[in-house]
Every structure is written in C-alpha cells, then in structure tokens.
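Every heavy atom of this structure was used, including side-chain atoms; hydrogens, water molecules and symmetry mates were not. Lettering follows sequence order; numbering is per chain, from 1.
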Number of protein chains: 2
Amino acid sequence: MTETRWLNEREMTAWLGFLQATIKVHRYVEHQLKEDSDLSHAQYEVLVKLSAAPEGAIRMTDLANGLFTTKSGLTYQVGQLEKRGLVRRRSCPTDVRGVLAELTPEGHRALREAAPGHVEAVREALIDVLDEEELAVLGRALERVGARLPVE
Amino acid sequence: MTETRWLNEREMTAWLGFLQATIKVHRYVEHQLKEDSDLSHAQYEVLVKLSAAPEGAIRMTDLANGLFTTKSGLTYQVGQLEKRGLVRRRSCPTDVRGVLAELTPEGHRALREAAPGHVEAVREALIDVLDEEELAVLGRALERVGARLPVE
DNA sequence: AGCCGACGGTTTGAATTTGAACAACTCGTA
DNA sequence: TACGAGTTGTTCAAATTCAAACCGTCGGCT
C-alpha cells in the first residue's frame with residue numbers, strides 16, 4: 001500500500017465544484033422537466049434516443065447502453081412511458097428475445113413540446129454560464145472522462 | 001415565446017459530455033465506497049463534513065445545506081449512520097428544536113479507513129484524467145455554475 | 001404576556017433505483 | 001444435431017430519494 005496522494009487545493013476545488021455543479025444541474029433540469037412537461041429527465045432522454053433512432057426503434061439493451069442506465073431501470077421507465085402512451089414495445093423480428101421500443105405519435109408530440117423548455121433549462125443551468133473557452137475545454141475533458149469509465 | 005435557441009455542436013458536446021461524465025463518475029465513486037467501505041457516497045460526505053466541523057458537531061440544517069441534499073434525505077442518512085454507531089445525535093443547547101450531529105470514535109475510524117480508497121477513486125475517475133489547464137478551467141467554471149443555482 | 005409567521009427536523013407514502021435471480025433464447029463449436 | 005456459455009429483458013425485494021404534511025419551537029411585534 002503506497003502513500004495516499006491527497007488532493008491539493010486546485011484538485012479539491014475541481015472535485016467539489018464538480019460535485020456541487022452536477023448535483024445542482026441535475027436537480028434543476030429534473031425539476032424543470034417535471035414541472036413543465038411532467039417527465040423525468042430519464043424519461044425525456046428515452047424519448048430523445050427513440051426519436052433519433054435511424055429506424056425509429058431501438059433494442060432495450062442498446063437503449064440502456066446509450067443512456068448509461070441499468071437494464072432494470074430502463075424496463076421500469078419504458079414501462080411508465082408505455083402506460084402513458086408515449087412509447088410502444090414490439091418484439092424484435094431478428095431475435096425472439098429482443099424487444100424494440102419506439103415512439104407513438106403522442107410520444108413524438110410530447111418530446112416536441114418538452115424540448116424547448118428543456119433546452120432553455122440546460123442553457124440557464126450550464127451552457128450559457130460558460131464562455132467559449134470553458135465550453136470547449138469542458139466538452140473535451142468530460143468526454144474523455146466519460147469514455148474511460150465502464151458503462152456499468 | 002421567442003424562438004428556441006437550440007444547442008450548436010460545441011454546446012451539445014459539452015452537455016452530453018457533462019451528462020455522461022457525471023453519471024459515470026458518480027456511479028464509479030459510489031461503487032468503490034460501497035464495495036470497500038460499505039458506505040454510500042452520501043454517507044461518506046456526511047462523515048467528512050462532521051469531521052471538518054470546527055466544534056466537531058453541526059446542526060442538521062447546516063449539514064443539509066453544506067451537502068446540497070434535502071432535509072428528509074439527510075434525516076434518513078444520519079439515521080442509517082446512527083444505527084451503525086458512526087454518528088451520534090444530541091440536542092442543540094441554544095435551540096430546543098435544533099439537533100446536532102457528531103462523529104463517534106467509530107465514525108472517525110470509519111472515515112480514516114475509507115478516505116484513501118475514496119481519494120484514489122476520485123483521482124482514477126476524474127482528477128488524474130485532467131491536465132493542469134483542464135483542472136483549473138473546470139474548477140473555476142463549475143464552481144460558478146454551482147453557485148448560480150439555488151440549493152433546492 | 002400573547003400572537004403569528006417562519007424555522008427545524010421528522011414522518012409519511014409514493015416513486016424510483018439497484019443488483020441479483022430468473023427464464024427464454026442465441027450462437028459458436030464440437 | 002446437441003451442448004453450454006453468454007445474452008436478453010423482466011421480475012423481485014430492498015434501499016434510497018423526494019416532496020408534502022406535520023408538530024413543536026422561536027422570535028419579532030403589538
């Protein structure tokens with residue numbers, strides 16, 4: 001066991017800033033979506049992915065990976081969305097085990113209506129607070145951070 | 001209602017990077033603590049704050065604010081820590097309503113033992129992945145982001 | 001002293017998250 | 001063709017989170 005490399009002041013600032021910012025930004029975005037569109041952020045992201053799917057439908061597993069969520073968590077959220085008629089499930093033609101999720105017309109509408117407010121919240125909470133340089137550095141750095149860590 | 005200012009590519013990269021990085025880093029740190037010290041990250045942060053308290057004890061509300069958590073969430077977590085004998089509650093001498101939380105000797109020990117592994121995980125997941133410039137920019141920028149948003 | 005709005009912390013119930021267990025199925029290989 | 005390891009999505013119970021309701025107390029004001 002080697003000596004612990006404690007965080008110096010600059011590192012501590014970055015870590016605490018990261019913690020505080022992430023918690024607050026997530027909470028802010030979550031609230032805005034729930035308030036204005038009655039969607040959780042997780043649900044919103046599901047709608048986005050489905051809407052962006054090349055064939056209009058995605059396998060559950062691919063969806064879970066793309067959203068950095070667990071399989072069981074996704075099953076739950078898609079279940080909620082299906083209850084509300086925003087998403088439909090159908091079986092995968094090439095793999096009997098597979099399940100494809102796709103947006104219903106109501107799902108498309110819900111996303112279209114929720115998107116502007118959500119983007120505004122993202123700007124308000126994060127994007128518009130940063131200048132050009134910060135935006136670039138943050139994008140580059142955090143992308144690298146995320147890519148290094150396992151999905152689950 | 002003015003026209004929606006959608007995110008351009010650079011902004012979208014920053015936002016997606018932020019989402020992915022935050023989710024994964026939080027999960028990574030959470031797992032490491034649970035695995036190696038049987039503590040949730042929330043519980044670890046409580047121990048840290050208590051350990052850093054000038055008088056060795058803090059009011060629940062101050063603790064909640066310092067940790068960007070909700071009052072009820074804190075009540076639950078402190079309850080868990082108390083069950084395990086890491087934290088003690090006593091009433092505030094100057095305010096009957098108030099409750100002070102403080103570390104027990106076991107709490108001090110648990111923190112001392114958990115800290116090195118936690119710091120290592122934080123480095124592994126975030127700090128050591130960034131260079132000097134990124135560290136500085138990230139610290140400055142995210143601190144500003146966090147400060148702008150309401151606690152709750 | 002007495003009132004009243006605000007505060008401090010807990011309780012409550014519902015919603016969500018998690019990992020593990022599970023059953024059904026796929027696919028490469030013997 | 002038959003095997004077995006790995007995959008797919010769901011289910012389950014337990015843990016956690018959240019907001020709202022709640023109760024007792026504080027403190028300024030009359």
Tell me: CD of B/E30 to C1' of D/dT16, nearest whole Å?
10 Å

Hey, what's the ring geometry for B/H41 with B/H118, parallel, tilted or perpendicular (30° and 60° as the breaks)?
tilted

If the sugar-phosphate is the primed atoms plus P, OP1 and OP2 and the base is the rest, what is the B/S/- string for nucleotides 8-18 of chain C, using protein heavy atoms under 4.0 Å?
SBBB---SSBB

Could you check whether A/R88 pairs with A/E82 (Lys NZ or Arg NE/NH1/NH2 to Asp/Glu carboxylate O, under 4.0 Å)?
no

Helix axis bend for the helix from C/dA1-D/dT30 to C/dA30-D/dT1 - C1'-based end axes, five pairs, 10° rounding
10°

Determine, for B/R144 against A/E134, whether the closest basic-nitrogen to carboxylate-oxygen distance falls under 4.0 angstrom.
yes

Tell me the closest heavy-atom pair linking A/V129 and A/E124, and the distance in Å.
CG2-O, 3.6 Å

Nearest-Å distance for atom pair NE2/C1', residues B/H26 and D/dT17:
15 Å

Ion pair B/E106/B/R84, N-O distance below 4.0 Å:
no

Establish, from distance only, whether the side-chain atoms of B/H26 and A/T22 form a donor-acceptor pair under 3.5 Å.
yes

D/dT8 C1' sits how many Å from A/L63 CG, rounded?
14 Å

Taking the basic N atoms (NZ, or NE/NH1/NH2) and the acidic carboxylate oxygens, is any pair closer than 4.0 Å for B/E45 and B/K49?
no

The test is salt bridge (Lys or Arg N to Asp or Glu O under 4.0 Å); show your working for B/K34 and B/E30 and say whether it passes.
CA-CA 6 Å; B/K34 185 57 86 182; B/E30 192 78 46; over 6 Å; no

